[in-house]
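Structure record follows, encoded as structure tokens.
Heads up: numbering here begins at 1 and tracks the sequence.
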Amino acid sequence: MLKEDSTNQEELMQRKIVLFCKNPYAFGILKPLAEEGVARGYRLLWYLTPELEPIFPVKDQSYTTSIEDVMKFQCDALLVPGNEVPHFLRGVKTQIFHGFAGEKKGHFRIRGYFDLYLTQGPYFTERFHELREKHMNFHVIETGWSKLDPLYHGELDKFSGDKQSYLDDHGAKKIVLYAPTFSPSLASAKYLQNQINVIAERPDTLVLVKFHDLMDISVVSKYEKLAKQIKNLVIIDDRNILKYLVISDVLISDTSSAIYEFILLNKPVITLRTNSSLKNWIDVDKPEDVITAYEELLVEDTYSNKRQEIIDQYHPYNDGQSSGRVYDAIDEYIAAYGIPNGRTIEWYRQVKMKQMFK
């Protein structure tokens, strides 16, 4: 445990935070932190890679596409949902993660960029504490995940009207969300096209397809063509999946973080050849078995009593205060260790950072 926070209130009011976006998925993760930062009176600066500027959703807040501007801002902390952040920037470089899929390659890889890892739940906390014992150059605090805060502030009720509209428009009784990962070795999208087609042709079922931002465009095009032919197949272009997790009754996926987000809502999941070691849901080996699994699930939800294990291990926080705990953890770190001016990393990673961020 870090030392007690001795920073006075005046210093806290001057806290300067960079919200670091390198991929579109970062917006949904960082938006609750932006709202919490504004409520605390902090100075916020969003950093976006240039290609993200046209789709940036909160342009009434300060943002930049220049690392030089970030350097001049001289922040106290950078909140990073991705894997990389320039080592030479001032501030507590804070990893807040972009998902729950710990079985994916690289989730527990220590690259040397971060001072502080803020974990979602005990499963992640224990693993990173073990890694800290080995590397001894970062700290770990469990806070919960900011992206889920809106779920516990009335979002469940807010989206109920949207769900009914979808059902009425398509004459359906249930909504299935298909959310595959983009990773070529794990993705199911190119194998499940026929099965998603069959499920969407059921008159009582609406299928919403939410692709990852990095999904192969050729795969997306095939599903878009299908959607033009099938009324109850809809491609979602909203970058924030949260609403669709809330309004859907069943999730079909593979090895995506969306699985865990859906299970946190205590709802059933079907996967094709998932890479997860904790399969507290229906997992099948053959694409054609997805249809059978869905039909069986309509009769009985056999895993309804096993989902609590994932909730307890992956994200036991249902108070909607994870964003607040993130800032409290940063204050705790700064009180104990101060604000770092940069990090020492391997030379090849230094070269990578300079190439990546110009």
Side-chain angles (χ1 to χ4, degrees), residues 25 99-101 103-105 166 170 172-239 241-263 265 267-303 307 310:
Y25 59 67
F100 288 99
E103 62 276 0
K104 283 190 174 182
K105 183 180 179 180
Y166 269 112
H170 294 269
K173 295 180 180 179
K174 282 190 176 293
I175 297 177
V176 172
L177 176 62
Y178 177 47
T181 188
F182 73 95
S183 305
S185 62
L186 303 172
S188 61
K190 63 182 179 181
Y191 305 111
L192 284 183
Q193 185 174 323
N194 291 337
Q195 285 68 35
I196 296 301
N197 184 352
V198 169
I199 294 173
E201 287 183 329
R202 294 175 60 106
D204 62 345
T205 303
L206 168 64
V207 178
L208 305 177
V209 181
K210 173 66 177 73
F211 288 116
H212 193 285
D213 297 307
L214 302 178
M215 177 63 76
D216 185 334
I217 295 175
S218 66
V219 174
V220 176
S221 297
K222 291 179 181 178
Y223 280 83
E224 288 176 339
K225 187 178 295 185
L226 263 182
K228 292 177 181 178
Q229 302 168 9
I230 304 173
K231 177 187 175 183
N232 281 10
L233 181 64
V234 177
I235 310 297
I236 301 300
D237 59 7
D238 190 339
R239 286 182 168 82
I241 197 175
L242 203 60
K243 169 182 173 179
Y244 306 99
L245 294 172
V246 171
I247 69 174
S248 298
D249 300 293
V250 178
L251 173 69
I252 298 176
S253 189
D254 33 53
T255 304
S256 168
S257 177
I259 295 168
Y260 303 100
E261 296 175 47
F262 202 73
I263 284 178
L265 296 171
K267 295 193 285 188
V269 170
I270 300 169
T271 57
L272 175 67
R273 296 192 290 265
T274 188
N275 199 29
S276 174
S277 58
L278 185 62
K279 299 175 185 177
N280 282 3
W281 58 82
I282 301 172
D283 182 60
V284 299
D285 292 323
K286 300 176 182 178
E288 56 268 28
D289 291 340
V290 168
I291 296 173
T292 304
Y294 179 63
E295 292 173 345
E296 291 175 352
L297 188 57
L298 294 178
V299 177
E300 183 182 7
D301 180 5
T302 55
Y303 284 86
R307 289 192 281 269
I310 290 180

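Applying the salt bridge (Lys or Arg N to Asp or Glu O under 4.0 Å) test to pairs two or more places apart or on separate chains, none has a residue in residues 215-230. Sorted by first then second residue, the salt bridge (Lys or Arg N to Asp or Glu O under 4.0 Å) pairs that include residues 288-299, not counting sequence neighbours, number zero. The salt bridge (Lys or Arg N to Asp or Glu O under 4.0 Å) contacts involving residues 195-211 comprise Arg202-Asp204, where partners must be two or more places apart or lie in separate chains.
For Lys243, the salt bridge (charged side-chain N to carboxylate O under 4.0 Å, His left out) partners are Asp162, not counting sequence neighbours. Under the side-chain contact (heavy atoms from CB on, under 4.5 Å) criterion, Asp213 pairs with Pro24, Tyr25, Arg239, sequence neighbours left out. Checked against side-chain contact (heavy atoms from CB on, under 4.5 Å), Ala200 has the following partners two or more places apart in sequence or in another chain: Val207, Ile230, Leu233. Residues passing the side chain to side chain donor-acceptor pair (under 3.5 Å) test with Tyr166: none are found, sequence neighbours excluded. Residues satisfying the ring-ring contact (aromatic ring centres under 6.0 Å, His included) criterion with Phe211, sequence neighbours excluded, are Tyr223.
In this structure, NZ on Lys173 lies 11.5 Å from CG on Leu298, to the nearest 0.5 angstrom. With rounding to the nearest 0.5 angstrom, the CD1 atom of Ile291 is 8.5 Å from the CD1 atom of Ile196. Once rounded to the nearest 0.5 Å, the distance linking CD1 of Ile282 with CG of Leu297 reads 4.5 Å. Taking OG1 from Thr205 and CD1 from Ile199, the interatomic distance works out to 7.5 Å, rounded to the nearest 0.5 Å. Taking OH from Tyr178 and CD1 from Ile235, the interatomic distance works out to 10.5 Å, rounded to the nearest 0.5 Å.
The two residues Val290 and Val284 make their nearest non-hydrogen contact at CG2-CG2, 3.7 Å. Here the shortest heavy-atom pairing between Met215 and Ala189 reads CE-CB, 4.1 Å. Of all the heavy atoms in Pro287 and Leu272, the pair that sits closest is N-CD1, 3.8 Å.
Within a 6.0 Å sphere centred on NZ of Lys174, heavy atoms belonging to other residues, nucleotides or ligands number 12 at most.
Counting only heavy atoms from C-beta outward, the side chains of Ile241 and Leu177 approach each other to under 4.5 Å. Residues Leu226 and Gln229 have side chains in contact (heavy-atom distance under 4.5 Å, counting atoms from C-beta outward). Counting heavy atoms from C-beta outward, Trp281 and Ile310 have side chains that approach closer than 4.5 Å. Arg307 is listed as a side-chain neighbour of Pro268, based on a closest heavy-atom distance under 4.5 Å.
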Applying side chain to side chain contact (heavy atoms under 4.5 Å, CB included) to Gln195 and Tyr294, what does each step give before you reach the verdict?
CA-CA 10 Å; Gln195 285 68 35; Tyr294 179 63; over 6 Å; no

Could you pull out every donor-acceptor pair under 3.5 Å between side chains of residues 244-254 and any protein atom, sequence neighbours left out?
residue	atom	partner	partner atom	Å
Ser248	OG	Tyr244	O	2.6
Asp249	OD1	Lys163	NZ	2.7
Asp249	OD2	Ile175	N	2.8
Ser253	OG	Ala179	O	2.7
Asp254	OD1	Thr181	N	2.9
Asp254	OD2	Ser188	N	2.9
Asp254	OD2	Ser188	OG	2.6

